[in-house]
Amino acid sequence: MKRQRPFGFFFICCALLSGMSVPASNSFAASTEKAVSSGLFEQDQDSLLVNALWPKFRALPKARRPKVALVLGGGGARGLAHIGVLKILDQQKVPIDLIIGTSVGALIGALYAAGLPVSRIEKMGQEIGWDELVDISAAHLVKLVVAEKLLSTEKIEEYFERNIGDKKFVDLKTAFACVAVDLRTGEKIVMREGSVALAARASATMPGIFRPVPYRHRLLVDGGVVDNVPTDVARFLGADLIVCVNLPVDFSKHTVSNVLTTLTQSLYIQGSVISQERLNLADVVVTPKVEDVSAVELWKSRECIEAGMSAARQSLPDIRRALVTKCFKKWMETENKEQRAKGKEKREKK
């Protein structure tokens with residue numbers, strides 16, 4: 001026998017959208033919240049209601065909805081899939097209040113947070129080459145092997161300054177943070193102030209190949225060493241709803257034939273192990289199918305972007321449901337708080 005959707009849930013959702021006042025006793029709130037979170041409703045009925053409410057919920061002002069964080073993980077060239085995810089989220093007007101990035105996730109997240117249109121970021125992703133980001137000329141590679149002289153990532157900083165200017169974190173249109181590691185102490189460094197270009201560069205500077213980035217008496221390298229999908233940072237910064245883009249890889253499909261591929265493979269093996277625990281903190285995990293792309297294959301940009309778009313489309317129902325449910329819970333918490341405040345005020349007057 002089919003379970004019927006409780007009338008109370010529908011009534012509360014409608015009340016939330018219209019601004020009506022609904023009694024918010026503890027037992028009432030607990031029972032309706034339990035009904036929402038337990039999956040008590042029929043899937044098709046649930047989807048119907050979520051889709052009907054979605055346009056209203058996504059248009060709510062920040063104060064009346066959950067704080068939504070988008071976490072973009074590391075993965076080298078696979079990270080171009082982030083562009084495809086952003087493209088779909090932007091088209092569907094999914095609210096994004098905070099972006100947290102590691103490595104390539106920091107690079108793409110910074111561009112979006114700076115206000116660049118996704119169409120422009122997509123074009124940049126399709127045209128980018130390693131020579132625009134790092135000193136990878138034959139002479140420098142010889143020095144890396146023979147003289148053990150590490151390569152520079154200064155070009156990343158220059159590339160960013162050409163495209164977004166000398167922006168500071170306070171100048172960004174969307175709140176942004178990125179993760180790096182202090183090579184001297186092993187500390188995870190969450191960068192939230194100062195130069196965006198410098199921070200993004202530091203977060204994407206792979207150790208062992210590129211020179212660490214000097215920053216306030218620290219030497220910073222790729223954040224993927226300790227936190228490849230920084231959902232913990234998003235939670236720490238107050239996110240109520242976390243959407244995480246994870247970039248899987250099948251290590252058995254990639255040939256390890258030189259210093260670059262050996263170090264990148266080692267870094268991402270370590271990152272994938274650490275990531276398992278971090279993924280549990282996300283409300284929705286978007287997983288583009290980019291396992292076959294190695295970290296250095298920037299020329300596969302179109303394949304990665306399309307994989308990101310496909311994964312984002314598949315995850316949209318989960319994102320919508322999570323946002324609607326979190327909105328409902330946030331509203332109930334506010335209602336309960338207001339009711340308790342009114343009750344306290346009445347008791348004090350007596």
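In what follows, every heavy atom counts, from backbone to side chain, and hydrogens, waters and symmetry copies are set aside.
Between the side chain of K167 and the backbone N or O of E161, no donor-acceptor pair lies under 3.5 Å. No donor-acceptor pair under 3.5 Å is formed between the side chain of T205 and the backbone N or O of V213. Judged purely by atom type and a 3.5 angstrom limit, H82 uses its side chain to pair as donor or acceptor with the backbone of G73. For the pair N228 (side chain) and G74 (backbone), a donor-acceptor distance under 3.5 Å is present. Judged by distance alone, the side chain of E127 and the main-chain N or O of M124 form no donor-acceptor pair under 3.5 Å. Judged by distance alone, the side chain of D171 and the main-chain N or O of K168 form a donor-acceptor pair under 3.5 Å.
Hydrophobic clustering (side-chain heavy atoms under 4.5 Å, transitive across Ile, Leu, Val, Met, Phe, Trp, Tyr) keeps I242 apart from L316. The cluster map of Ile, Leu, Val, Met, Phe, Trp and Tyr, joined by side-chain heavy atoms under 4.5 Å apart, puts F169 and L72 in the same cluster. Grouping the Ile, Leu, Val, Met, Phe, Trp and Tyr side chains by contacts below 4.5 angstrom, directly or via other members, places M191 apart from L237. With hydrophobic clusters built from ILVMFWY side chains whose heavy atoms lie under 4.5 angstrom apart, V68 does not share a cluster with L281.
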Given K188 and D227, is the salt bridge (charged side-chain N to carboxylate O under 4.0 Å, His left out) satisfied, shown in steps? CA-CA 8 Å; K188 177 170 68 178; D227 202 351; 2.8 Å; yes
Stepwise side chain to side chain contact (heavy atoms under 4.5 Å, CB included) check, F160 with L111: CA-CA 8 Å; F160 264 74; L111 294 173; 3.7 Å; yes
Applying side chain to side chain contact (heavy atoms under 4.5 Å, CB included) to V179 and V233, what does each step give before you reach the verdict? CA-CA 9 Å; V179 176; V233 177; 4.1 Å; yes
List the steps and the verdict of side chain to side chain contact (heavy atoms under 4.5 Å, CB included) for T102 and C178. CA-CA 6 Å; T102 290; C178 60; over 6 Å; no
Kindly determine whether L183 and L220 satisfy side chain to side chain contact (heavy atoms under 4.5 Å, CB included), including the steps that lead there. CA-CA 6 Å; L183 199 58; L220 301 184; over 6 Å; no
T153 vs R201, test: side chain to side chain donor-acceptor pair (under 3.5 Å). Steps then yes/no. CA-CA 7 Å; T153 55; R201 171 193 169 193; 2.9 Å; yes
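A salt bridge does not link D292 to R78: none of the charged nitrogens lies less than 4.0 Å from a carboxylate oxygen. Using a 4.0 Å cut-off between charged side-chain N and carboxylate O, R216 and E193 make a salt bridge. Between R302 and E122, at least one side-chain nitrogen of the basic residue sits less than 4.0 Å from a carboxylate oxygen of the acidic one, meeting the salt-bridge criterion. Checked for salt-bridge contact, R218 and D182 meet the test: a charged N lies under 4.0 Å from a carboxylate O. Here D90 does not pair with K87 in a salt bridge; the nearest charged N to carboxylate O distance is not below 4.0 Å.
When all heavy atoms of S315 and V284 are compared, the closest pair comes out as CB-CG1, 4.3 Å. Closest non-hydrogen pair, A200 versus A106, comes out as CB-O, 4.3 Å. Taking each heavy atom of I100 and P230 in turn, the nearest pair found is CG2-CG, 3.5 Å. Closest non-hydrogen pair, V104 versus G75, comes out as CG1-N, 3.6 Å. The minimum heavy-atom distance between V85 and G308, with the atom names listed, is CG2-O, 3.5 Å. The minimum heavy-atom distance linking G79 with L247 is given by the pair CA-CD1, 3.4 Å.
For CZ of R235, the number of neighbouring non-hydrogen atoms (other residues, nucleotides, ligands) closer than 6.0 Å is greater than 12. Within 6.0 Å of atom NZ in K300, more than 12 heavy atoms from other residues, nucleotides or ligands are found, so the atom counts as buried in its surroundings.
For the atom pair I83 CD1 and Q126 CD, the distance stands at 8.0 Å (nearest 0.5 Å). R192 contributes atom CZ, which lies 8.5 Å from atom CG of L98 (distance to the nearest 0.5 angstrom). A distance of 4.0 Å separates CZ in R313 from CD1 in I88, rounded to the nearest 0.5 Å. Distance OG1/T174 to CG/L70: 10.0 Å, rounded to 0.5 Å. Taken to the nearest 0.5 Å, the OG1 atom of T287 stands 7.5 Å off from the CG atom of L279. Here the CG-CD1 distance, from L89 to I319, works out to 5.0 Å after rounding to the nearest 0.5 Å.
In this model, no donor atom of one side chain and acceptor atom of the other lie less than 3.5 Å apart for S203 and S103. Side-chain contact of R120 with N163: a donor-acceptor pair under 3.5 Å is present, judged by distance alone.
Among K67, R65, K173, the one residue that satisfies the salt bridge (charged side-chain N to carboxylate O under 4.0 Å, His left out) test with D97 is R65.
For the pair P207/V225, a side-chain contact is recorded, criterion being any heavy-atom separation below 4.5 Å from C-beta on. With contacts defined as side-chain heavy-atom distances shorter than 4.5 Å, the pair I96/Y112 qualifies. Side-chain contact between V71 and V245 is absent, with no heavy-atom pair separated by less than 4.5 Å. Side chains of K326 and D283 form a contact here, defined as non-hydrogen atoms less than 4.5 Å apart.
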